[in-house]
Every structure is written in structure tokens, then in C-alpha cells.
Amino acid sequence: MSEEYYKVLHETDANQIRLTINEFRDIEYLHFRKYFLDFDGNWLPSKDGVSMPLSIANTQGLLEAMLDILALTESKTILEDHFKEQIDKIYDN
């Protein structure tokens, strides 16, 4: 079961979170999985993660969720920049 695609989304010294796509029993799957570094320096998948069939509906749902998160993050940054002085006053007291 080799990976057709992968992208490291987050990495520390001993762990990675990867988005991967592979095929198992003629079905393509999308995985968000935690990987760990073994003693030989190889990245191996752990049991920590989630898998789902790769489909237009699942991919569209993920894209919509990511766009929502990006919009919220952008809004939060704009609000923090605009109201920085007021926020600082609240948390300094």
C-alpha cells in the first residue's frame, strides 16, 4: 500500500501530520495521519489518524471547511489588528 500523494502539514522533531492518498482494495483513500520517526530515521505511520474514501463529496467538504477556517482566521487577524490597543488594555489589567 504505497502512497500516491502526500503532504506534510505539520512537523516536529519526532512527529509529522500528513495528508496522504493511497489505494487499498481498489478504493482510493484520503488520510490525515500522525507519523513518527523510528530509530533508523524513517517516518512511519501511526494508528493515530482518520481515513475516508477519496470522493468529490468528501474533498468538497474538506475544501469548504478549510475555506471557512481561512475566512475566520483572516477575520480574527483583522479584528486583532484593529482593536489591538483595546484588547491589550483588557488583558493587561
Side-chain angles (χ1 to χ4, degrees):
M1 185 165 57
S2 64
E3 296 173 346
E4 295 174 15
Y5 171 86
Y6 83 91
K7 181 167 182 77
V8 176
L9 303 175
H10 177 75
E11 185 171 345
T12 65
D13 290 339
N15 293 295
Q16 289 181 340
I17 303 295
R18 288 188 187 183
L19 177 130
T20 64
I21 296 173
N22 66 11
E23 188 175 310
F24 181 71
R25 295 186 181 170
D26 296 327
I27 299 173
E28 285 188 310
Y29 288 93
L30 177 78
H31 307 269
F32 287 96
R33 186 142 323 273
K34 184 176 183 180
Y35 280 64
F36 63 94
L37 199 56
D38 73 2
F39 293 111
D40 295 324
N42 300 311
W43 290 103
L44 300 176
S46 74
K47 293 181 181 182
D48 297 337
V50 64
S51 300
M52 65 180 124
L54 180 62
S55 68
I56 293 295
N58 286 341
T59 304
Q60 183 177 1
L62 284 170
L63 179 59
E64 288 172 0
M66 295 307 299
L67 290 172
D68 288 345
I69 291 168
L70 286 170
L72 288 171
T73 302
E74 183 180 359
S75 298
K76 181 181 175 190
T77 302
I78 291 168
L79 289 172
E80 286 174 342
D81 289 346
H82 185 72
F83 294 106
K84 182 176 180 0
E85 289 181 21
Q86 289 86 348
I87 292 171
D88 288 346
K89 287 179 188 177
I90 291 169
Y91 288 107
D92 284 342
N93 292 331

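Please read all numbers here as calculations on a predicted model, not as lab measurements.
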- Task: Might you point out which heavy atoms bring Phe36 and Pro45 nearest each other, and give the distance in Å?
- Result: CE2-O, 3.6 Å
- Atom pair CG/OH of Leu30 and Tyr5 - distance to nearest 0.5 Å: 10.0 Å
Name every donor-acceptor pair, under 3.5 Å, that has one atom in a side chain of residues 47-54 and the other anywhere in the protein, sequence neighbours excluded.
unit_1, atom_1, unit_2, atom_2, d
Ser51, OG, His31, ND1, 2.4
Ser51, OG, Arg33, NH2, 2.9

- Message: To the nearest 0.5 Å, what is the distance between OG1 on Thr12 and NZ on Lys34?
- Response: 8.0 Å
- How long is the gap from NZ on Lys7 to CG on Leu19, to the nearest 0.5 Å? 9.5 Å
- Item | Straight-line distance of Asn58 CG to Leu63 CG, nearest 0.5 Å | 12.5 Å
- Query: Is there a side-chain contact (heavy atoms from CB on, under 4.5 Å) between Phe32 and Leu9 once you walk through the steps?
  - Reply: CA-CA 9 Å; Phe32 287 96; Leu9 303 175; 3.8 Å; yes
- side chain to side chain contact (heavy atoms under 4.5 Å, CB included) partners for Asn42, two or more places apart: Asp38, Asp40
- Task: Using the test side chain to side chain donor-acceptor pair (under 3.5 Å), find all partners of Tyr29 that sit at least two apart in sequence or belong to another chain.
- Result: none
- Query: What are the two closest non-hydrogen atoms of Tyr6 and Thr20, and how far apart are they?
  - Reply: CB-CG2, 3.5 Å
- Do the side chains of Ile21 and Tyr35 join up, straight or via other hydrophobic residues, at under 4.5 Å, putting them in one cluster? no
- Query: Could you state the interatomic distance from CG (Asp68) to OG1 (Thr73), rounded to the nearest 0.5 Å?
  - Reply: 10.5 Å
- Message: For the CG atom of Asn22 and the CD1 atom of Ile27, what is their distance to the nearest 0.5 Å?
- Response: 11.5 Å
